[in-house]
Amino acid sequence: MAAKKSSKRTGSAKEKKENAGKAPVAEKKFDFASVEKKWQSEWEKAGVFKTEENSKKPKIYVLEMFPYPSGSGLHMGHTLNYTIGDVFARFKRMNGFNVLYPMGYDAFGLPAENAAIKAGVHPKKYTEESIQTFMKQQKGLGLSYDWSKLLATCNPDYYKWNQYFFLKFFEKGLAYRKKAAVNWCPDCETVLANEQVHSGKCWRHEETDVEIRHLEQWFLKTTSYSDELLECIPKLQWPARIKSIQENWIGKSFGTEILFEINGKKWPIFTTRPDTIFGVTFMVVSAQHPRLNGLVTAAQKREVDDFLRKIKSTSEKDTTELEKEGAFTGSYATNPLTNENVPIYAGNFVVADYGSGMVMAVPAHDQRDFEFAKKYNIPVKVVIQPKGKNISAELIGEAFVDEGVLVNSTKFSGLESKKSIEEITEHLEKIGLGKKTVNYKFRDWLISRQRYWGTPIPVVYCEKCGIVPVPEKDLPVLLPEKVEFGKGNPLLSNKEFVNVKCPKCGGTSRRETDTMDTFFDSSWYFLRYCDNKNSKVPFDKKKIEYWMPVDQYIGGAEHACMHLIYARFFTKALRDLGFVSFDEPFTKLFNQGMLHGSDGHVMSKSRGNIVLPEEVSKKYGIDTARLFLLSQAAPDKDMGWKEEGIEGSLRAVMKIVSYFENPRPGKSSRKIESKIHRAIRNITSDIENFRYNFAIINLRKLFDAIEGEEKVSKEHLEIFLKLLHPICPHITEELWRAIGNKALVASEKWPECDAKLIDENLERIEAAVSSLRLDILRIKELAKLEKVSKVRIFVAQEWKWKALKIIVSVCDGRPDFGAAMKALMADPEIKQHSSEIQPFIKGALSRLGELSMLEKFDEVSVLKEAAPVLEKEFGKIEIMKSEESAEPKARNAFPGKPALIIE
RNA sequence: GCACGGGUUGGGGAGCGGUCAAACCCGCCAGGCUUAGGACCUGGUCGCUUAGUGCGUUCGGCGGUUCGAGUCCGCCCCCGUGCACCA
């Protein structure tokens, strides 16, 4: 099929090429592969993508989220992602910026380890090979990375600094170890951070329920930055969606902490509804609460244990539908304002580590509490009445949760609930039994993992000294290669690694075998790029100060409350440790859309719907693929990959290539000059604002205009190639050379728009020409005229123009028939046409907006310029005033809408 | 349940409250050119019209604001995403 196709693809295009004495492009197709290779190596030779040291240019740091190097390599989805950044980086480079555009690999992680278990390959080998594949593919895409900045997080010269930062955090108390109810994924065989649990499932295993286990683990004190992380969000130039996800994730809520007395001890209870405190009839403590046991009396132990066993077997299923359940603990709490004793239940609907893990239950005014109370026959006490209504505990079928007026609340009765929140809180503060407080959903980041392929946590456990950090001089704690994969943490199988002497006392001690969450690695990699070869310190502060923060970050929205929050935390923590002096790592963030495969699902290896860039490249050339991907939609929108569409992009590329094979150099017309400068202006702002799809439309329009010209100057052709270069880097280099240039487009200066050369009038004339021409042709066809010998164009009578101006000015954007009529009748010249005035005003009022634009140009002069262009084709063209015509249709010519008579 | 996106002409996808029947691409139709081809060129592609730059009807549904609404507001329906028993 293919061979037949290409042999047939000859014809007129071929003849043209042969006349020019050149190889027929269309026939040979175009050797994209060798052109791509050639320019990729030229770029490398010239080092055009290297950042400059001590540059006077303004800096810009363009960064894509670095990939996890999986064995399956890149697909078109990645291609889209990196192309978006590459276009931007090339554009900025040409605009005179010193651009840092690096690439690296998030090389630690579970998939490598799992592959090792499955295929018997060592994770190190697996990862190294994957990285090689990725690099080769990325180079094949023509991405303009400065490869000298390369890093991989699994190299000791990188993870050494993970350990170094860990120790710094440990010193400051930002890294700590505690026993807690943590998330455990039985498939990953490790604990997970809260951010890695999605709706009760593991982020890597959609099918796997996460279990709650009580384990001692390492945490980073991310919560000490909760407030700052939240407060800085409005300042970020990030997509609103990501900002809102982060705000929700941090989940700040204002409320009151009330001290209830339980077994002689004060328990702080967090609530947003202190106004309902007189309605508390019981308390519920989380079934996962670490202090639950202390509340259970001997008599109730059995009941509570039964309950705990029951929820363990059902709790992970259908969290949405879960019925509220619980068991009485046997303990009571004393309400500080009523001195009533209320029973404490253990319940499945209370979160252990939000607030204090126990809630005061007000069944009359909280739906969950209501359901629970009904189930266990606990009294319901109404303390807030809706305005103008009277509800009673016996009759309500659901909790009344809205605002109202307090009742049964001692001296607070009669207050509006909103007001009483303040008053009750104040009262509690006065008597020392409560205070205003804030609560966050955000929790500390659990960073230890019971897996092999990660950064060893630099700590040993000494029998005498307890937790002892590894001294800085002994870093890095190397990850041993010799381990056995299978059950449990492979690191435990290496005795030399595990059994060490205590750095403090020299006594027997055991090395920590947990490794760090890989999100630790990715929380500061953007800093390391700035100084990736430094072996003395994690990075030179001066270099960081020059390059950071990242000006433009590009990546997927799935990292909204994982990587993007961790990196922000890390930056703030490093700032407070004196490593950096800025507050936020990423000034601007762009979320690229997801590429969907032909089955409509997001393109991914596991779905089996991936399209490989190599294959597309081979068929269409990578520039064509880039053009196609970016022209489909705005780059932040999801889009589908469809093979059919790319043919159109190939056509466009081939048209451009053919044109440049046989250019027609000469002096450009004013018209094309105007168009070029308009295009410069538009395309510059399109790329700047990631409106690549519009940039491509403008490029195509510009090319159509160039192609239609008899002659175009070399300078203008060069401008076109420069404008196209960020999107189609390879072919533009090839064509740049073809029209006689030596240097590389990649290092050329971006063209500047000379606004003076944009000629609105000329473009109006052109538009008039083409619309006139079409009208004439259409009329000719409809009238079945053999030939057009004469065209008469009738333009509106002058009084109509005058009247129009009056109407536009009188009405000031708002149709006002009366005012318009009055104004027109006041003008003696217009008054002569009184019979036509009324319909004219109606017409004008109905298109007021359009007409106020029309006012700006002179119909007659535009047509006078337009007509001669068409005379060659249609013979004599006359322009005349409507009143000179006897034809009623022509007489009705409206301003801006000329009438035609053709003979 | 809460929050955020989105529903536009055959498909993809644009659309500062007036210049918008709605960019651009694909598809489709007609014509041209032809070593008759899924190449290239030109035009068309909501309906009705037609010597029109004419009329009508449209932008998930229903209301509202406005002289004027895909465009703003309210409610509803559908699709997608995030969080989810957060007290």
Side-chain angles (χ1 to χ4, degrees), chain A residues 1 4-6 8-16 26 198-200 239-245 247-249 251 253 255 269-273 276 284 319-320 322-324 347-351 353-356 358-362 366-369 371-372 439-441 557-558 560-561 628 631-634 637-640 642 644-649 651-652 654-655 658 691 693-694 696-698 700-701 771-772 774-785 811 813-817 845-854 887 889 892-894 896-902:
Chain A
M1 268 307 256
K4 196 168 153 197
K5 184 176 170 183
S6 61
K8 278 181 179 172
R9 189 182 282 182
T10 45
S12 59
K14 181 183 171 184
E15 285 167 17
K16 233 191 261 169
H198 298 158
S199 307
R241 192 163 79 90
I242 304 296
K243 295 210 265 186
S244 115
I245 290 174
E247 275 167 7
N248 288 335
W249 187 258
S253 60
I269 301 294
F270 177 77
T271 181
T272 53
R273 295 291 304 273
T276 62
V284 187
T319 45
T320 31
L322 205 62
E323 199 182 326
K324 316 236 165 327
N348 64 346
F349 66 97
V350 176
V351 179
D353 43 5
Y354 181 75
S356 56
M358 193 189 298
V359 296
M360 56 177 229
V362 186
D366 180 284
Q367 188 57 27
R368 290 156 304 182
D369 300 346
E371 285 167 29
F372 194 87
N439 232 305
Y440 300 91
K441 276 164 60 178
E558 68 276 14
C561 52
F628 174 62
S631 66
Q632 281 292 91
K637 287 265 167 74
D638 288 359
M639 66 183 93
K642 275 202 195 135
E644 301 96 66
I646 199 172
E647 296 278 354
S649 297
R651 270 202 290 276
M654 290 313 298
K655 260 163 71 178
S658 318
R691 292 156 36 113
N693 50 335
F694 281 90
I696 289 169
I697 290 170
N698 284 319
R700 290 178 97 134
K701 279 186 181 164
S771 100
L772 258 181
L774 287 181
D775 290 342
I776 294 170
L777 283 175
R778 182 163 177 81
I779 292 168
K780 180 188 159 201
E781 191 195 323
L782 289 166
K784 301 201 166 63
L785 291 174
C811 291
R814 300 185 161 237
D816 183 339
F817 191 90
L845 291 184
S846 73
R847 41 160 57 109
L848 205 52
E850 178 191 344
L851 293 176
S852 54
M853 304 276 172
L854 259 181
E887 307 274 342
K889 269 169 186 151
N892 287 333
F894 201 79
K897 309 222 175 231
L900 298 181
I901 291 184
I902 293 173

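- Taking atom C1' on both nucleotides, U81(B) is separated from G15(B) by 24 Å, rounded to a whole Å.
- Which of G15(B), C85(B), A87(B) sits closest to the side chain of Phe270(A) comes down to A87(B).
- More than 90° away from 0 lies the glycosidic angle of G32(B), which makes this nucleotide anti.
- Residues Val284(A) and Ala361(A) share a closest heavy-atom pair of CG2-CB, 4.3 Å.
- Base pairing of A3(B) is made with U81(B), judged by Watson-Crick or G-U wobble geometry with both donor-acceptor distances under 3.5 Å.
- Contact annotation: Lys701(A) does not reach the phosphate of A23(B) (side-chain N/O to OP1 or OP2, under 4.0 Å).
- Atom CZ of Arg241(A) is separated from atom C1' of U81(B) by 6 Å (rounded to the nearest Å).
- With distances taken from any side-chain atom of Arg700(A) to the nucleotides C25(B), A23(B), A87(B), the minimum falls on C25(B).
- Closest approach of Arg700(A) to Ala652(A), counting heavy atoms only: NH2-CB, 3.4 Å.
- Distance from the side chain of Phe694(A) is smallest for G15(B) among the nucleotides G15(B), C24(B), A3(B).
- As rounded to the nearest Å, G80(B) and G44(B) have P atoms that lie 39 Å from one another.
- Atom CD of Glu558(A) and atom C1' of G80(B) are 15 Å apart (whole Å).
- For C40(B), the paired nucleotide is G32(B), the pair qualifying as Watson-Crick or G-U wobble because both relevant distances are below 3.5 Å.
- Comparing the C1' positions of G64(B) and U71(B) gives an interatomic distance of 15 Å, to the nearest angstrom.
- Rounding to whole angstrom units, CG of residue Asn693(A) and P of C25(B) are separated by 13 Å.
- The residue among Gly648(A) and Phe349(A) whose nearest nucleotide of RNA chain B is located toward the 5' end is Gly648(A).
- Between the C1' atoms of U57(B) and A21(B), the separation comes to 10 Å (whole Å).
- Of the candidates G12(B), A3(B), A87(B), the closest approach to any side-chain atom of Asn248(A) belongs to A3(B).
- Note that CG of Asn348(A) is 7.5 Å distant from CZ of Phe372(A), once rounded to the nearest 0.5 Å.
- Across all strands, Val284(A) comes closer than 4.0 Å to no nucleic acid atom at all (heavy-atom distances).
- Between G12(B) and C76(B), the distance separating the two P atoms is 28 Å to the nearest Å.
- If you take CD of Glu647(A) and C1' of C40(B), they are 15 Å apart, rounded to a whole angstrom.
- Base pairing of C72(B): its partner is G64(B), meeting the Watson-Crick or G-U wobble criterion (both donor-acceptor distances under 3.5 Å).
- Using the Watson-Crick or G-U wobble rule with both distances under 3.5 Å, U45(B) pairs with G27(B).
- The side-chain heavy atoms of Tyr354(A) and Val359(A), taken from C-beta on, include no pair separated by under 4.5 Å.
- Taking atom CD1 of residue Ile245(A) and atom P of nucleotide G82(B), one finds them 8 Å apart after rounding to whole Å.
- Taking CD1 from Ile646(A) and CZ from Arg651(A), the interatomic distance works out to 12.0 Å, rounded to the nearest 0.5 Å.
- When the P atom of C83(B) is taken as reference, atom NZ of Lys441(A) falls 9 Å away, rounded to whole Å.
- Between Arg651(A) and C26(B) there is a side-chain N or O to OP1 or OP2 distance below 4.0 Å.
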Show the distances under 3.5 angstrom between N or O atoms of the protein and N or O atoms of nucleotides 6-9 of chain B.
none

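- Only the P atoms considered, C55(B) is 35 Å distant from C41(B), to the nearest whole Å.
- Contact record, Thr276(A) with Met360(A): OG1-CE, 3.7 Å, taken as the closest heavy-atom pair.
- The listed nucleotides are A87(B), C85(B), G12(B); the one nearest the side chain of Tyr354(A) is A87(B).
- Put simply, CD1 on Ile646(A) is 13 Å from P on G27(B), counting in whole angstrom units.
- Side-chain proximity of Ile697(A) to G12(B), C4(B), A23(B): nearest is A23(B).
- In this structure a side-chain-to-backbone donor-acceptor pair under 3.5 Å is present from Asp369(A) to Val362(A).
- Atom-to-atom, NZ of Lys655(A) to C1' of U42(B) comes out at 12 Å; the value is rounded to the nearest Å.
- Nearest heavy-atom pair across Ala557(A) and Arg241(A) is CB-NH2, 3.0 Å.
- Comparing the C1' positions of A84(B) and C75(B) gives an interatomic distance of 25 Å, to the nearest angstrom.
- When the P atom is used for both C24(B) and C20(B), the distance is 12 Å, rounded to whole Å.
- Across every non-hydrogen atom of Asn693(A) and Ser631(A), the tightest pair is CB-O, 3.9 Å.
- With RNA chain B read from its 5' end, the first of the two nearest nucleotides for Ser253(A) and Ala240(A) is the one closest to Ala240(A).
- When heavy atoms are screened at a 4.0 angstrom cut-off, Ser631(A) is found touching no nucleic acid atom at all.
- Searching all strands for a Watson-Crick or G-U wobble partner of U58(B) with both distances below 3.5 Å returns nothing.
- At a threshold of 4.0 angstrom between heavy atoms, the contacts of Gly355(A) with the nucleic acid are absent.
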